[in-house]
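Written below as structure tokens is the structure these notes are about.
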Amino acid sequence: MLELRSVTKKYGRKTAVQDMTIECQTNEFVVIFGPAGAGKSTTLNLIAGITEPTVGGVYVNGHLMNGVPPEHRNMSMVFENYALYSHLSVFDNLAFPLRARRLSQTDIQHKVREIAEILQITQLLERRPGFLSGGQRQRVALGRALIRDADVYLLDEPISHLDAKLRHRMRGELKALCQRKQATVVHVTHDYREAMSLSQRIVVLNKGHVMQFGTPQEVYHTPANEFVASFVGEPPMSFLDAHFVAEPTPGHLVVTGTEAQPVHVILSESAAQILRERPLPKLLRIGVRATDVSIRTTPQDEHNSPAEVYVVETLGHRDIVTVKVGLHLVKVAAPSGMGLNVKDTVWLNLTPRTYHLFGDEAAIAHPVRDAHVPEGV
Ligand code: ADP
Ligand code: MG
């Protein structure tokens with residue numbers, strides 16, 4: 001098991017990682033997901049021992065690793081900048097970690113061929129890194145890290161430079177390859193699809209802070225705060241400013257910017273209770289995923305909010321319809337062929353079943369789902 005306990009890393013006055021506590025199981029594939037500058041590479045470097053924490057400890061199977069040099073941690077890392085040996089061929093780059101461990105010539109031949117085939121670089125084995133494309137170099141770096149056995153594999157954006165098709169394929173190969181290893185894998189990416197498809201659990205990182213650490217399902221369905229919600233999902237979640245009115249329509253939210261024609265949104269009983277009891281957050285935000293809401297051309301009940309069609313994007317199997325509610329734009333996944341035109345009035349089902357509610361710092365409510373209804377029905 002790999003643990004970071006209250007780890008903070010400062011570079012001068014700049015805090016790259018702030019009070020991070022995570023634990024990763026042996027055999028677990030954990031993805032660190034966040035925007036550029038979030039502290040992802042710093043976290044990997046801290047685990048690898050390339051840099052030491054300012055405060056806190058890195059533990060492997062309960063043993064404190066602080067002060068243990070990288071070569072004694074039995075970890076294998078892919079660096080963001082590849083760092084291949086430019087004077088060695090691809091074959092020798094791949095063989096390097098095995099030679100350092102004194103494997104037999106036959107074993108080395110076998111393992112290099114095997115990994116080269118998986119990564120589709122067999123035809124490049126005699127070349128030097130200088131004669132490879134960025135994507136090819138990245139695959140060699142990945143191969144060099146995965147070719148040997150280690151307790152922990154640390155992969156810093158290892159497939160980000162591949163073209164879309166190859167990246168998709170490599171995602172599958174990487175997952176299959178890592179599942180065969182008795183090891184912890186910590187994989188860094190800023191790509192949401194990669195994070196979701198590879199990970200058993202995701203650390204969502206922003207400005208050095210862990211925003212959420214959970215399974216892909218948890219991060220998607222119950223985002224801890226607005227940052228996580230906005231950063232996970234495609235198309236991105238839409239947000240509406242709102243304020244809570246206890247009276248005269250108890251338990252309703254009013255979407256702001258619509259004083260002339262207020263849009264009332266009903267709250268679940270539990271969310272209304274929370275808002276009545278807590279000091280009210282400065283700002284309430286309604287968060288809506290395109291696939292959770294729907295629109296109709298006639299109102300069905302009091303929970304339908306009026307909206308105006310702003311733009312329609314066709315995806316083939318369905319449309320993404322952007323509608324205007326008050327001052328806010330909301331994206332809705334709709335069946336194609338609804339025949340909508342810009343400025344048409346439609347009705348949006350903003351109900352406790354279809355939206356998230358966020359306060360200043362944390363989520364207040366998530367869509368209320370029927371436990372027995374499978375996802376996507
Ligand atoms: P990410 O990999 O998520 O893009 P990094 O871990 O590289 O982010 O960087 C996190 C923050 O720490 C950034 O603001 C970066 O500028 C800063 N940082 C990283 N390494 C150093 C360093 N060696 N010296 C000073 N600042 C650094
Ligand atoms: Mg980085």
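Note that these values count all heavy atoms, side chains included, but never hydrogens, waters or copies made by symmetry. Indexing begins at 1, ligand by ligand and atom by atom, following the structure's order.
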Residue and atom name of the nearest protein heavy atom (relative to [atom]), distance in Å to one decimal:
atom: atom 10 (C) of ligand 1; answer: Gly37 O, 3.5 Å
atom: atom 20 (N) of ligand 1; answer: Tyr11 CE1, 3.3 Å
atom: atom 7 (O) of ligand 1; answer: Ser41 CB, 3.8 Å
atom: atom 8 (O) of ligand 1; answer: Gly39 N, 3.2 Å
atom: atom 9 (O) of ligand 1; answer: Thr42 OG1, 3.8 Å

Within a distance under 4.0 Å of any heavy atom of [X], pick out the atoms of ligand 1 and give their elements.
X: Pro35; result: 3 (O)
X: Ala38; result: 1 (P), 3 (O), 8 (O)
X: Ala36; result: 4 (O)

Checklist entry - Between the side chains of Ser41 and Asp156, does any donor sit under 3.5 Å from an acceptor? => result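 A donor-acceptor contact under 3.5 Å links the two side chains.
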
Q: State whether a side-chain donor-acceptor pair under 3.5 Å links Asn74 with Arg148.
A: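 Yes, Arg148 and Asn74 have a side-chain donor paired with an acceptor closer than 3.5 Å.
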
Looking at the Mg ion (ligand 2), is there an N, O or S atom belonging to Ser41 that lies under 2.8 Å away from it? yes

Backbone of Phe239 reached by a side-chain donor or acceptor of Arg285 within 3.5 Å: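 No: the side chain of Arg285 does not pair with the backbone of Phe239.
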
- Between Arg289 (side chain) and Tyr220 (backbone), is there a donor-acceptor pair under 3.5 Å?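 Flag set: sc Arg289 to bb Tyr220 pair under 3.5 Å.
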
### Task
Answer yes or no: is there an ion pair linking Glu313 with Lys331, defined by an N-O contact shorter than 4.0 Å?
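Result for this pair is yes, salt bridge flagged.
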
Is any side-chain N of the basic residue among Asp149 and Arg101 closer than 4.0 Å to the acidic one's carboxylate O?
no

Is atom 15 (C) of ligand 1 near the protein, in the sense that some protein heavy atom lies at less than 4.0 Å from it?
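Within 4.0 Å: no protein heavy atom nearby.
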
**Prompt:** Protein heavy-atom contact under 4.0 Å for atom 4 (O) of ligand 1?
**Reply:**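 At least one protein heavy atom is under 4.0 Å away.
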
Heavy atoms of Gly39 and Leu205 approach each other most closely as C-CD2, 3.6 Å

**Prompt:** What are the two closest heavy atoms between Asn93 and Leu88, and how far apart are they?
**Reply:**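 Smallest heavy-atom distance, with atoms named: ND2-O, 3.2 Å.
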
Looking only at N/O atoms, are Ala16 and ligand 1 under 3.5 Å apart anywhere? no

If we only count heavy atoms from C-beta on, is the His221 to His366 side-chain gap below 4.5 Å? no

Quick look: Lys14 vs ligand 1, heavy-atom contacts under 4.0 Å, and the answer is side chain

Quick check on Gly34 - does any of its heavy atoms sit under 4.0 Å from an atom of ligand 1?
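No.
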
